[in-house]
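Quick note on labels: first sequence line is chain A, next is B, and so on, each numbered from 1. No experiment lies behind these values; they were computed from the predicted model shown.
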Amino acid sequence: MADESKDIYYVEGTPIPETPLPGKEPPPWRETSVVGKALPRVDAYERVSGSAAYPSDVHLPNMLHGAILRCPHPHARIRRIDASAAAKLPGVRMIISGNTPEADLIWKKDPVGDMRLFEPICRFEGDVVAAVAAETPYQAWDAAHAISVDYEVLPFVADERQALKPGVPVVHPKGNVSKTDRYERGDIAQGFAAADVVLEESYRTECELHTPLEPHGCVANWDGRSLTIWESSQGVYAVQSRVAEVLKLPLARVRVIGHYMGGGFGSKLEPGKYTIIAALMAKLSGRPVRLFLTREETYLCVGNRPPTNMTVKAGVKRDGTLTALEFSVLGTGGAYTAGGTSLADWLARDLYTCPNVRTISTDVFINAGPARAFRAPGHPQGAWALEQMMDTLAEAIGMDPVQLRLKNIPSVSQAREGNPPYTSTAFKECLELGAAAFGWEKARGEARAQRASRHIRRGVGMAGGLWFAGGGRPPSTVVVKLFPDGSANLNMGASDLGTGTKTVMAMVIAEELGIKPEAVQIECADTGTTQYATPSGGSKTVPTEAPAVRNAAVQVKQKLLEMAAEALKVDAAELVYRGRDIASRQDSSKRIAVKDLEALKRQGIVVGIGYRGPNPKNMTTHPFAAQFCEVEVNMLTGELKILRFLAAQDSGRVMNRLTYGNQVIGGITMGIGLAATEQRILDTGRTGKMVNRNWHDYKLPTALDVPVDVTVLPVEPVDTAANNTGAKGLGEPATIPTAAAIANAVYHATGLRITCTPIHPQQLVQRLADRPKEG
Amino acid sequence: MLPSFDYIRPKSVQAAITHLATGSAQAHAGGTDLMGCLRERIFPVGKVVSLSGLPELRGVSETADGGLRIGALTALSALSEHPIVIKRFGGLAQAAGEVGSPQLRNQGTLGGNICQKPRCWYYRTDFTCLRKGGGTCFAVDGENQFHCIFGGGGTCFIVHPSDTAPALVALNATARLAGPRGSRDVPLEKFFVLPEVDVQRETVLARGEIVTEIRIPPPVSGTRSSYRKVRARRSWDFALAGVAMALRFDRKRVIDGRVVLSGAAPIPWRSKEVEQIVRGKELTVDVIAAAAKAVTSGAEPLEKNGYKLALFQGMIEEELTLMAASA
């Protein structure tokens, strides 16, 4: 009895995948017993109860609090900084600025030149000017704002549409063009000549701000020559390498910890100047420093989804064959090189079969906060343009929008060198199964039928998409440790952004080892104790880490089989791992409980190391999506109500049905924000300053803006080539088609093509009033 | 970050008034607006005077004549869920229910709602605008999409942010004020101050004065009231455009009544043009169309808030049509 109770973590009666021979990778799963189930998060209780210690919860003994003084102007030269009055305020222990010799550091290398930690010229509102560490957060804030700065206010440009006009102020001496990208395949002129219908339209998306629940920041502490940073981050190793580079430290002396983090959406893929400032003030003061930004600061200086100004010209034959796509985009990454147009043209290049494509992307500088990756960079913007154009083309040739898309589905990535096939694509199934489950044809017809006289009108729309990444890739190294009682540790460098990464990994281990998911304790995101991982982003965390975790668990099983072979005096290849015990295939009397293995008793633990293997050659792995929605428009007031959504997502194997649903609903919610509510507003005329830097004026969608009726429909192609789990990324594809689907539904309801985000009453009521009166 | 201040919780209205009359004191009722103002350092504050120790300022009761007395500290949710308010002063219940979000309605008070500071983003952030004693209005040729179309008077273009104030004006309510020089009653319609009168004040409250209660006269038989609000998102937002109506019907004919706009002007804005058109008439399609057109007569939109013309017209059309249907 006592012995039985010691291995309570094994499960009974579920099949455990075959263990490959040593040195061999496991084949892709077929059926799974644990993976794919709807299991609650392994850390749900900790997160909900508040016992989870996020980086912003870290309080160290003797800790100081930091605050940053930021430039209030979009463009200004610092003539002089006088901190003498601030230094005399109570509690002030440290003030640093461009006058501090130790703070004369290169923060980042940029094509326009090295960016210093404290730039003598501030090129965006919110760039750092000085920083204070004091005994309390209030003392630090008061002292930072008591620093007297003499600014020479410079002329600015805050609208990318003005940036290239003659006589406009330049952000950098070389001018306002950051980068121009061109792409071309086929013969665009011939493509247009071959078309029956050629249409052209311009579109714009507004700048969006990330707004994660936990603001950006860190706590920094020095122990002798070693630095430890608790940072709210998507990638602790990315923070480590930048901090080491800027402060000229060996990587081994920079430990970055981020066990929990409160959201990033791309804006925490890298550290901030605040990280360096905290580390520096901690070093100079000899005390730990906590430095978290205020919400207002995060709006100004830690990233955004850049605005885009796009034009699409498209040619199509009467039968729906696309013959030519020409796409141009003007965008901005703000005041520094930050990918202002990156990937905005990718869907035009790659989503639909089209032999003749030309794109041009122009990224310009303006005096505003630099962009950072934001959930599917470029893609929701590109979809906003392309997917509205697809609907416009469909109408022009009298074809159903779903049918037009089905007509042009590629099996290869046309925009990649060598046109590699997809390891799997269920875009077709997303469209077909999605349309069927949504009741597309019926809903379209009914919406049109009830349109007649009422001022509340219904519309139904859809859009598709794929994500540029999402296949995962090496490197990743993880460690799985199995204890004799059947409980296990996973040691993984990757962060769980709140997407459920840890839960998925616990399920992978449970699947392979025949133990309960709750028997897996996970240590993650700590450069001191976990192995190297790239930041969690690009919808690649599961397809990168899950195969490595699986490999590590498999290695544990291989080692146990070797131990059992020794104990039972048989060949390891004859044995089968059954969770609680290991037995001979030929002779069932030859069996031994895992806990009875002498070798395990000697070691106390079995360690498996897993690596992410290479991706298949000459193939490429991507998720796909089709989303459908129904909306209601008040024709008198321009109010938009989103009634229901259906998302058909091909992200390969579903790893956890609950977190899968969370990701998709979250993606749709963000897409609703892009479509209908969110917009950074700069006072472009007079001051160039951001006017809506708070949670009221920057309008995230609320619970009432998101429909209750959201159906998540996983479409699971069998993908045996992508990786040994068959999973593809999900976080980003879930938000790519959303805004375009809403715009198409609004068109269906109103007959108005809304080409600029957001579709709020301000815009819609004006457009409705301007339209010619209906007869 | 909040500034440093003293915090006082007096036990009597008189003590509160005494504290509020000295130094840069600010009254703290629900605090949902005050906290934001303090964080943004819109005005100096040396002392915050909590009103939470004054239970006599809380509660809703019917007066002897069938009117309503509402303590200024009554939570907005208590108002929107109160059976008598819902039944007899429906427009006020609706207006209170349209404020902010459930948390804000639980915490925010009626007195605070009518005394709140404007939401103009220049006023709320680090711009030294006219209303903060500076020399410039940044909104007049700036980002003015949420600003007023009436009553700016060429000086300051805020809109009054309250949802309950237009409903109270429509219902002909009176505010009872208590101050260093005693009590006085001010009709809600006279409670608010246009920028052309004083660009740095939103109400007639003198230093040390607070609102202690609101009184609403008994509704004349046949009166129907309503509040409609359009906002940029469906919760936790102020009105782009709103309208409170209290119309007295004789069967299908409108005898009299008030139509008061929110999101239109620096004060709750009576649309006498609409009132005049509907008075004495049945709400036919033509009357409604004429009223909708009239709501924006005399409006002076700024560069980015021209949509409010169409919005107010559409909203009036929708609301009067609803009123007509229920008549």
Exercise for review: Check the surroundings of atom NZ in A:Lys641: do more than 12 heavy atoms from other residues, nucleotides or ligands lie under 6.0 Å from it?
Suggested key: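 12 or below, so no.
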**Study point:** Other residues, nucleotides, ligands: >12 heavy atoms within 6.0 Å of A:Tyr151 OH
**Key:**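 Counting other residues, nucleotides and ligands, OH of A:Tyr151 exceeds 12 neighbours.
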What's the spacing between [X] [atom1] and [Y] [atom2] if we round to 0.5 Å?
X: A:Thr702; Y: B:Trp236; atom1: OG1; atom2: CH2; result: 9.0 Å
X: A:Leu636; Y: B:Ile316; atom1: CG; atom2: CD1; result: 11.5 Å
X: B:Met1; Y: A:Thr294; atom1: CE; atom2: OG1; result: 7.5 Å
X: B:Ser101; Y: A:Leu704; atom1: OG; atom2: CG; result: 9.5 Å
X: A:Thr637; Y: B:Lys229; atom1: OG1; atom2: NZ; result: 14.0 Å
X: B:Trp121; Y: A:Met690; atom1: CH2; atom2: CE; result: 11.5 Å

[X] versus chain B, heavy atoms under 4.5 Å apart: side chain, backbone, both or neither?
X: A:Pro758; value: neither
X: A:Gln762; value: both
X: A:Arg693; value: side chain
X: A:Asn634; value: side chain

Revision key, fill the gap. Pair count under 4.5 Å, heavy atoms only, with chain B: among A:His145, A:Gln766, A:Glu639, highest is A:Glu639
Practice item. Tell me, out of A:Ile681, A:Asp697, A:Leu764, A:Leu682, who's got the most heavy-atom pairs with chain B below 4.5 Å. Key: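 Of A:Ile681, A:Asp697, A:Leu764, A:Leu682, A:Ile681 has the most heavy-atom pairs under 4.5 Å with chain B.
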Please find the pair of heavy atoms, one from [X] and one from [Y], that lie closest to each other, and give the distance.
X: B:Ala310; Y: A:Ala769; result: CB-CB, 3.6 Å
X: A:Lys699; Y: B:Phe146; result: CE-CZ, 4.1 Å
X: B:Arg233; Y: A:Trp695; result: NH2-O, 3.3 Å

Point to revise | Min side-chain heavy-atom separation A:His696-B:Arg124 under 4.5 Å | key: no
Point to revise | A:Gln763 side chain near B:Tyr307 side chain, heavy-atom distance below 4.5 Å | key: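 They are not in side-chain contact.
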Check your understanding: Looking at B:Lys304, B:Arg228, B:Arg119, which makes the most heavy-atom pairs under 4.5 Å with chain A?
Key ->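 Top option by heavy-atom pairs under 4.5 Å: B:Arg228.
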Practice item. Find the one option among B:Val230, B:Leu2, B:Thr125, B:Leu309 whose heavy-atom pairs under 4.5 Å with chain A are most numerous. Key: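 Max contact count across the listed options: B:Val230.
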Review point. Can you tell me if B:Glu40 and A:Asn694 form a side-chain donor-acceptor pair at under 3.5 Å?
Key: no
Below 4.5 Å from any heavy atom of chain A, which atoms of [X] appear? Answer side chain, backbone, both or neither.
X: B:Tyr122; value: side chain
X: B:Asp141; value: side chain
X: B:Gln145; value: side chain

Point to revise | Identified side-chain contact (heavy atoms from CB on, under 4.5 Å) counterpart of B:Glu143 within the set A:Asn692, A:Thr687, A:Asp683 | key: A:Asp683
Point to revise | Basic-acidic side-chain contact under 4.0 Å: A:Asp142, B:Arg41 | key: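 Answer for the salt bridge query: yes.
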Exercise for review: Salt-bridge test for A:Asp705 and B:Arg231: reply yes if a basic N is under 4.0 Å from a carboxylate O, no otherwise.
Suggested key: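 Salt bridge flag = no for B:Arg231 with A:Asp705.
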**Study point:** Chi angles and distances behind the side-chain contact (heavy atoms from CB on, under 4.5 Å) call for B:Leu240, A:His760
**Key:** CA-CA 11 Å; B:Leu240 295 171; A:His760 48 31; over 6 Å; no
